[in-house]
Amino acid sequence: MVSLGENTAIVITCSCPSHEEAAAIARLLLAEKLIACAQLSAPVRSLYWWRGEICDENEVIVTMKSLASLYPRIEKAILTRHSYEVPEIVAWPLTMVSSSYLAWLAEVVDG
């Protein structure tokens, strides 16, 4: 994992099998002040390899914003609540963020 500055804004995405699970994960992370916000997608069609077979499933994508310094805690919290054996949890840094949005994000998370 590449280390980023602690105030680097990041986007985290996680795929879930249902809106209920996606919302529960988002609410958990919000309650723990690990993320500033989350958006849940409409069901998306996901095709992927799993145990030697191609799977074709509907999933819900949770898109969350936070700070790079909180990523390890975010990943750990998702893993405690997620029903998949190997959930997709990916993050990337935001290279351009308005100063007011970054200030709000840093203010609301516990980083």
Side-chain angles (χ1 to χ4, degrees):
M1 181 167 65
V2 175
S3 294
L4 302 170
E6 67 181 36
N7 288 330
T8 301
I10 60 172
V11 171
I12 309 103
T13 62
C14 179
S15 56
C16 297
S18 68
H19 269 282
E20 293 76 21
E21 185 168 311
I25 288 170
R27 288 183 184 283
L28 169 71
L29 296 172
L30 285 164
E32 293 186 15
K33 295 195 171 247
L34 295 176
I35 61 171
C37 61
Q39 292 84 32
L40 281 62
S41 69
V44 297
R45 186 174 176 188
S46 294
L47 292 99
Y48 55 93
W49 280 101
W50 183 246
R51 301 190 180 209
E53 295 183 24
I54 295 176
C55 298
D56 188 339
E57 303 287 339
N58 285 329
E59 292 184 303
V60 175
I61 305 298
V62 186
T63 304
M64 302 161 276
K65 279 67 151 217
S66 190
L67 299 175
S69 60
L70 295 173
Y71 179 81
R73 291 172 55 197
I74 293 166
E75 181 180 318
K76 184 177 179 180
I78 291 171
L79 290 172
T80 66
R81 179 63 178 86
H82 209 289
S83 63
Y84 288 169
E85 185 178 333
V86 182
E88 172 198 18
I89 308 168
V90 297
W92 58 93
L94 296 173
T95 57
M96 292 188 221
V97 181
S98 71
S99 57
S100 58
Y101 186 84
L102 183 57
W104 167 78
L105 194 155
E107 178 184 317
V108 299
V109 298
D110 187 22

Minimum heavy-atom separation for Y101 and C37, please, with both atom names.
OH-SG, 3.5 Å

Looking at every non-hydrogen atom in both residues, tell me the closest pair between Y84 and S15 and how far apart they are.
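Y84 and S15 have their closest heavy atoms at CE1-O, 3.8 Å.
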
Spatial distance of atom [atom1] ([X]) from atom [atom2] ([Y]) [nearest 0.5 Å]:
X	Y	atom1	atom2	answer
I74	I12	CD1	CD1	4.0 Å
E75	I78	CD	CD1	7.5 Å
Y48	E59	OH	CD	5.5 Å

Determine, using the 4.5 Å side-chain heavy-atom cutoff (strictly less than), whether V86 and V90 are members of one ILVMFWY cluster.
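No; tracing contacts between hydrophobic side chains, which count when under 4.5 Å, never links both residues.
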
Name each donor-acceptor pair under 3.5 Å that joins a side chain in residues 60-67 to protein atoms two or more places apart or in another chain, with its distance.
residue, atom, partner, partner atom, Å
K65, NZ, Q39, OE1, 2.6
S66, OG, L34, O, 2.5

Can you give each donor-acceptor pair under 3.5 Å made by side-chain atoms of residues 102-111, sequence neighbours left out, with the distance rounded to 0.1 Å?
none

Atom pairs and distances, side-chain donor-acceptor, residues 18-32, under 3.5 Å, sequence neighbours left out:
residue, atom, partner, partner atom, Å
S18, OG, E21, N, 3.1
H19, NE2, S41, O, 3.3
E21, OE1, S83, OG, 2.8
E21, OE2, H82, ND1, 3.3
E21, OE2, S83, N, 3.0
E21, OE2, S83, OG, 3.2

Heavy-atom distance under 4.5 Å between the side chains of I10 and W92, does that happen here?
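The answer is no, as the side chains (C-beta and beyond) never meet within the 4.5 Å cut-off.
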
